[in-house]
Amino acid sequence: MSLKPKTNRRNFLKTTGMGIMGFPLILNGFSGVAPSDKIRVAHIGTGNMGGSHIRWFSAFPDAETVALCDVDELRLANARKLLVANNSSANPELYSDFRRIIERKDIDVITCATPDHWHALVAIMAFESGKDVYGEKPLSFTAKEGKVMLQSLKKHDRIFQLGTQIHAGDNYHRVAEIIQSGALGKIHTVRLWKTGGTSGLGFPPNETPPATLDWDMWLGPAPYAEYTPVKCHGTYRSFFDYSGGVFADFWCHIADIMYMSLHPKGLSSIDARGDIPNDGIADTPKWIDVDFKFKDLDVYWTTTPPDVPGADKMGIGAHFEGEKGTLTCDYDKRIISIGGETTHDLSEVAQSIPRSPGHQRNFLDAVKSRIQPESNLEYAREMTLPMHLALISFRLKRKLQWDSHKEEFINDPAANFLLSREYRSPWSLPVY
């Protein structure tokens, strides 16, 4: 992959006005945008989340969807119908191989909603070709991929936004403000949880892939496997060859609020426990509990809610324990307890964090201003890394010691081996 970054097609993308504290101005009034000034977008992966990408970006007058790509002909045809239903003038080019999109010099942005094992390579190739990326979570399939993604982004001066849409909501911003204000005192413990896990999916036989599906391309850099439907659309996250289960799927959504609020540093140990299903071929966690030790902070992940007020009514949540009080939250609610009194907000804590103009709008504004968005790659990589390390501890069934400066396990070749994965030929992860 020696694709060179292109220069930006339009100077106007670099001259957007900036708001207070360096954040892009909220740009909602783009009616009458000239065709030459539109951000040209291509969507790679057009399943459930890919369909959301199509709806989101087709709603912006300053963005134009010019290409769609999927290895499944049926999904690709449905994606075109969806786009045209949202924008009757759309006339996208259709592709089964994303490399044809990467080669095009007239595309500014790609969105990636492929299975997890493709996330890094699609983004890196897009960076190398001079394209900015809106990528779905989790950020990468392995820890090493995330590191290479960041190296590539910096080398090619690209923009990236991770698809953690909840990050843009007011509740997460308000939780971060309250915690950073010191009203709860120093936070010493955080409890994160997400109920549910992988089901076994039974023992279905292998099948011949449908004629409409390029199974070899779907597998891409993953190890070769015979086709069975449960390894493909919808349930691929149940297999370690392609993902890390419910834990990998949801970690970033709720760990995000911990990182927004505390920016934890100095991770030193990871201790995961759990089981895989015993009623099928799936091999990602049926349940997983993890203890993380950061500098001056203990973090616990559990599959069942912790024994704290309100948690039993939250299928996913975060609980912050401070010297003066606690805060429990999910995506849109928060419960604050200080001195025996419970409330949902603290009026004395002023708004100190600029609010998002919307997750996708934040990305498009960043494409124009060339200033990284809120869920940028450097932030997302740091926030995602503990998830990868926890799954390694889960698979090795033991506690692991981590050197956060060197980003490697201490005296543990087996654990370090699992930080990366050799790609299936002809795919390769670039070296920077």
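All residue numbers in this chain count up from 1 along the given sequence.
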Using a strict 4.0 Å threshold on nitrogen-to-oxygen distance, state whether [X] and [Y] make a salt bridge.
| X | Y | answer |
| --- | --- | --- |
| Lys293 | Asp298 | yes |
| Asp62 | Arg361 | yes |
| Arg40 | Asp108 | no |
| Glu226 | Lys231 | no |
| Asp70 | Arg75 | no |
| Asp256 | Lys137 | no |
| Arg395 | Asp283 | no |
| Asp296 | Lys265 | no |

With a 4.5 Å heavy-atom cut-off, do [X] and [Y] have their side chains touching?
| X | Y | answer |
| --- | --- | --- |
| Ile110 | Cys112 | yes |
| Leu76 | Val71 | no |
| Tyr172 | Ile254 | yes |
| Val367 | Tyr134 | no |
| Thr326 | His319 | yes |
| Leu400 | Leu389 | no |
| Thr342 | Ile335 | yes |
| Asp330 | Asp332 | yes |

Main chain of [Y], side chain of [X]: is a donor-acceptor contact present, judged purely on distance under 3.5 Å?
| X | Y | value |
| --- | --- | --- |
| Asn171 | Tyr331 | yes |
| Ser261 | Met258 | no |
| Lys131 | Ile102 | yes |
| Gln180 | Met260 | yes |
| His359 | Leu162 | yes |
| Thr343 | Asp345 | yes |
| Gln161 | Ser375 | yes |
| Thr228 | Asn206 | no |
| Thr235 | Val230 | yes |

- [ ] To the nearest 0.5 angstrom, please state how far the CH2 atom of Trp215 sits from the SG atom of Cys232.
- [x]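 Separation between the atoms: 5.0 Å.
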
- [ ] Mind checking the NE2-CD1 spacing from His344 to Ile336? Nearest 0.5 Å is all I need.
- [x] 8.5 Å

Parallel, tilted or perpendicular: which one describes the rings of [X] and [Y], with boundaries at 30° and 60°?
| X | Y | value |
| --- | --- | --- |
| Tyr379 | Tyr259 | perpendicular |
| His156 | Tyr432 | perpendicular |
| Phe247 | Trp301 | perpendicular |
| Phe57 | His43 | tilted |

- [ ] May I ask you to check whether Phe141 and His117 place their ring centers less than 6.0 Å from one another?
- [x]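 Between His117 and Phe141, which both carry aromatic rings, the centre distance is not below 6.0 Å.
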
- [ ] Indicate the atoms forming the closest heavy-atom contact of Val349 with Glu177, along with that distance.
- [x] CG1-O, 3.9 Å

Open item on the list: Between Asp241 and Arg424, is the salt bridge (Lys or Arg N to Asp or Glu O under 4.0 Å) condition met? List the steps.
Closed with: CA-CA 12 Å; Asp241 277 351; Arg424 185 172 68 104; over 6 Å; no

Open item on the list: For the residue pair Ser58 / Thr65, report whether a side-chain donor-acceptor contact shorter than 3.5 Å exists.
Closed with: no

